[in-house]
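To start, the structure itself, in structure tokens.
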Amino acid sequence: MTGYLIVSAVLLTCGVVCMATKRNAVGVLMGVELALNAASVNFVAAAEFGPPAAPVQSVAGDALGIGLDGQIAALFVIVLAAAEAAVALAIVLAFFNQHGTADVDAASELRG
């Protein structure tokens, strides 16, 4: 479990540093993706080394001890990250086509 947490902490640190230091919007998006991947690693580690999942009753009445909570949460995070990247890249490309830059400081006019 310690190895998973160390990898997760390194990914989260790299993501936060990337988000804080990059001026390019694509670089900021990459930092967000790293932070989300750190969360996925934590979910998988918790599912692997955490307490066993409560048994689920099947249709036939048998107890199923599958314990896929962490993997399902990680899959949800991956889908969320893909959707976030698609929407954010579309916004960045539209901004780049109008202004010729992807600098996040130049995007202050996007405020509502």
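Computed over heavy atoms, backbone and side chain alike; hydrogens, waters and symmetry mates excluded.
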Please give me the minimum heavy-atom distance between A25 and V104, naming the atom from each residue. CA-CG1, 3.7 Å
Using the test side-chain hydrogen bond (donor to acceptor under 3.5 Å, both in side chains), find all partners of N42 that sit at least two apart in sequence or belong to another chain. S8
Could you work out, with side chain to side chain contact (heavy atoms under 4.5 Å, CB included) as the rule, every residue matching A46, not counting sequence neighbours? none
For residues 89-101, which residue pairs pass the side chain to side chain donor-acceptor pair (under 3.5 Å) check, not counting sequence neighbours? H99-E109
Going by the rule side chain to side chain contact (heavy atoms under 4.5 Å, CB included), which residues pair with V32 if we only count those two or more places apart in sequence or in a different chain? M19, L36, E84
Looking only at heavy atoms, what is the nearest atom pair of G27 and C18, with distance? O-SG, 3.2 Å
For S40, run the side chain to side chain contact (heavy atoms under 4.5 Å, CB included) check against L80, V77, L75 and tell me which one passes. V77
Could you identify which residues cluster with L11, counting Ile, Leu, Val, Met, Phe, Trp and Tyr as linked when any side-chain heavy atoms lie under 4.5 Å apart, either directly or through a chain of such contacts? M1, Y4, L5, V7, L34, V41, F49
Give every residue pair that meets the salt bridge (Lys or Arg N to Asp or Glu O under 4.0 Å) criterion with at least one member in residues 37-49, sequence neighbours excluded. none
Side chain to side chain contact (heavy atoms under 4.5 Å, CB included) with T13: which residues, sequence neighbours excluded? V17
What residue pairs, at least two apart or across chains, pass side chain to side chain donor-acceptor pair (under 3.5 Å) with a residue in residues 15-25? R23-D103, R23-D105
Ring pair (Phe, Tyr, Trp, His ring centres under 6.0 Å) filter on F43, not counting sequence neighbours, yields none
